[in-house]
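The structure under discussion appears below in the form of structure tokens.
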Amino acid sequence: MINLIIFGPPGAGKGTQAEMIAKEFNLFHLSSGELLRQAAKDPSLEKEINGYLSAGQLVPDKLIIKLIDEPIQKYIENNGIIFDGYPRTLNQARLLDETFLSKNLELPFIINLELEEEEATKRVMSRAKNSNRIDDNLEVVTERFKVYHQETQPLLNYYIEQNRLVQIDGRPSIEEVTKQIIGAIKK
Ligand code: ADP
């Protein structure tokens with residue numbers, strides 16, 4: 001069983017890499033952003049969720065935690081889960097650890113995809129035309145970065161203290177980064 005978290009700023013390649021790694025190791029790819037975009041198709045949730053997404057803000061912990069619990073419970077005892085975009089707050093991280101601990105499962109390790117804001121912004125902007133996402137525009141990307149620095153990046157310390165963090169350079173090609181991650185997983 002392999003459980004891991006793909007971490008990093010917007011545009012670092014979390015989704016792309018999570019997809020490749022999920023295939024390679026037969027894991028369940030759990031993307032919180034995708035989960036929210038799907039949930040927003042429900043008219044009763046659309047306004048609330050899209051309000052946060054289009055502003056580049058995190059949705060409240062309560063909402064994402066409620067949404068993500070079902071797939072976690074469903075897949076946690078399978079071959080493994082690759083978390084993409086989750087957790088993003090200390091509260092989410094602690095709760096996720098508790099879920100694993102309560103089932104006597106080893107805690108997931110973290111792959112941190114490092115990429116500078118300038119390059120990450122370029123990537124988001126170049127995918128913007130095809131992504132159809134309400135948050136892939138320059139103004140919102142800038143806000144997403146701000147939120148990343150304020151609320152999500154501090155999580156790295158939590159994981160470093162626990163010795164669960166692996167740093168991966170996000171600058172090389174998609175294939176090269178995948179290779180690096182596979183290498184780290186096999187170690
Ligand atoms: P990116 O990592 O490129 O920002 P995501 O698809 O992971 O893209 O996230 C898109 C948006 O969904 C975020 O800006 C945020 O509004 C919301 N979101 C995703 N994951 C979470 C989470 N774990 N907690 C709160 N909000 C989230």
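What you see is a predicted model; the values in this text were computed from it and never measured. Note: hydrogens, waters and symmetry copies are ignored here, and every other heavy atom, side chains too, is used.
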Co-membership, hydrophobic cluster, residues Leu138 and Leu115, 4.5 Å side-chain:
no
Minimum side-chain heavy-atom gap Pro154-Leu90 below 4.5 Å:
no
Once you measure the plane-to-plane angle for Tyr159 and Phe7, does it fall in the parallel (<30°), tilted (30-60°) or perpendicular (>60°) bin?
perpendicular
How long is the span from the CD atom in Glu117 to the OH atom in Tyr148, to the nearest 0.5 Å?
10.5 Å
Of all heavy-atom pairs linking Ser31 and Glu34, the shortest is OG-N, 3.0 Å
Is there a chain of hydrophobic side chains (I, L, V, M, F, W, Y, each step under 4.5 Å between heavy atoms) that links Leu35 to Tyr52?
yes
Hydrophobic clusters here meaning ILVMFWY residues chained together by side-chain heavy-atom distances under 4.5 Å, can you tell me if Ile2 and Phe100 are in one?
no
Min side-chain heavy-atom separation Thr16-Arg127 under 4.5 Å
no
Hphob cluster co-occupancy, Ile81 + Phe109, side-chain heavy atoms under 4.5 angstrom:
no
Quick one: closest heavy-atom pair of Leu45 and Leu63, and the distance?
CD2-CD1, 4.5 Å
Taking everything shown except Lys103 itself, do over 12 heavy atoms lie less than 6.0 Å from its NZ?
yes
Can a salt bridge be assigned to the pair Arg123 and Glu119 using a cut-off of 4.0 Å between side-chain N and carboxylate O?
yes
How long is the span from the NZ atom in Lys66 to the CD1 atom in Ile64, to the nearest 0.5 Å?
12.0 Å
Find out if a path of hydrophobic residues (ILVMFWY) with successive side-chain heavy-atom gaps under 4.5 Å connects Ile181 to Ile174.
no
Could you grab the distance from atom CG of Leu105 to atom CG of Asn3, nearest 0.5 Å is fine?
7.0 Å
Asn91 and Thr89: side chain to side chain donor-acceptor pair (under 3.5 Å), yes or no, with the steps?
CA-CA 5 Å; Asn91 189 24; Thr89 64; 5.2 Å; no
Begin with the C-alpha distance, continue with both residues' side-chain angles, and end with the deciding distance and a verdict on side chain to side chain contact (heavy atoms under 4.5 Å, CB included) for Val177 and Gln180.
CA-CA 5 Å; Val177 174; Gln180 294 297 324; 5.5 Å; no
Give me the ring orientation class for His149 and Phe145: parallel if the planes are under 30° apart, tilted from 30 to 60°, perpendicular past 60°.
tilted
Where Ala184 and Ile168 come nearest, the two heavy atoms and their spacing
CB-CD1, 4.3 Å
Does Glu116 have more than 12 heavy atoms from other residues, nucleotides or ligands lying within 6.0 Å of its CD?
no
Start with the C-alpha gap between Glu143 and Gln57, add the side-chain angles, then the distance that decides, and say whether side chain to side chain contact (heavy atoms under 4.5 Å, CB included) holds.
CA-CA 7 Å; Glu143 193 56 34; Gln57 299 297 319; 3.0 Å; yes
Spatial distance of atom CG (Asp84) from atom CD1 (Ile6) [nearest 0.5 Å]
7.0 Å
Report yes if some heavy atom in the side chain of Arg164 is under 4.5 Å from a heavy atom in the side chain of Pro108; otherwise report no.
yes
Out of the candidates Leu27, Ile110, Ile5, only one should pair with Phe83 under the side chain to side chain contact (heavy atoms under 4.5 Å, CB included) rule; please name it.
Ile5
Intermediate values then yes/no, side chain to side chain contact (heavy atoms under 4.5 Å, CB included), Leu53 and Arg37:
CA-CA 9 Å; Leu53 262 62; Arg37 286 186 283 276; 4.0 Å; yes
Has Gln17 got a side-chain atom pairing as donor or acceptor with Thr178's backbone, closer than 3.5 angstrom?
yes
Is there a side-chain contact between Ile185 and Val166 (heavy atoms, below 4.5 Å)?
no
Can you name the nearest heavy-atom pair linking Ala22 to Ile82, along with the distance?
CB-CG2, 4.0 Å
Scanning both residues in full, the closest heavy-atom pair of Leu96 with Ile72 reads CD1-CD1, 3.8 Å
Measure the CG-CG distance between Leu107 and Asp97 for me, rounded to the nearest 0.5 Å.
4.5 Å
Would you check if Gln92 and Leu95 make a side-chain contact, meaning some heavy-atom pair closer than 4.5 Å?
no
With a 3.5 Å distance limit and no angle check, can you tell me whether Asn79 reaches the backbone of Phe25 through a side-chain donor-acceptor pair?
yes
Got Ile21 and Ile182 here, is their nearest side-chain heavy-atom distance under 4.5 Å?
yes
Working for side chain to side chain contact (heavy atoms under 4.5 Å, CB included), residues Ile65 and Tyr86:
CA-CA 10 Å; Ile65 286 166; Tyr86 192 87; 3.5 Å; yes
Out of Thr142, Val147, Val141, which one pairs with Arg144 under the side chain to side chain contact (heavy atoms under 4.5 Å, CB included) rule?
Val141
Flag side-chain contact, heavy atom, 4.5 Å: Asp42 against Ile49:
no
Please round to the nearest 0.5 Å and tell me the distance separating atom CD of Glu48 and atom CG of Leu36.
10.0 Å
Specify the closest pair of heavy atoms between Ser54 and Val140, including all atoms of both residues, with the distance to one decimal.
O-CG2, 3.3 Å
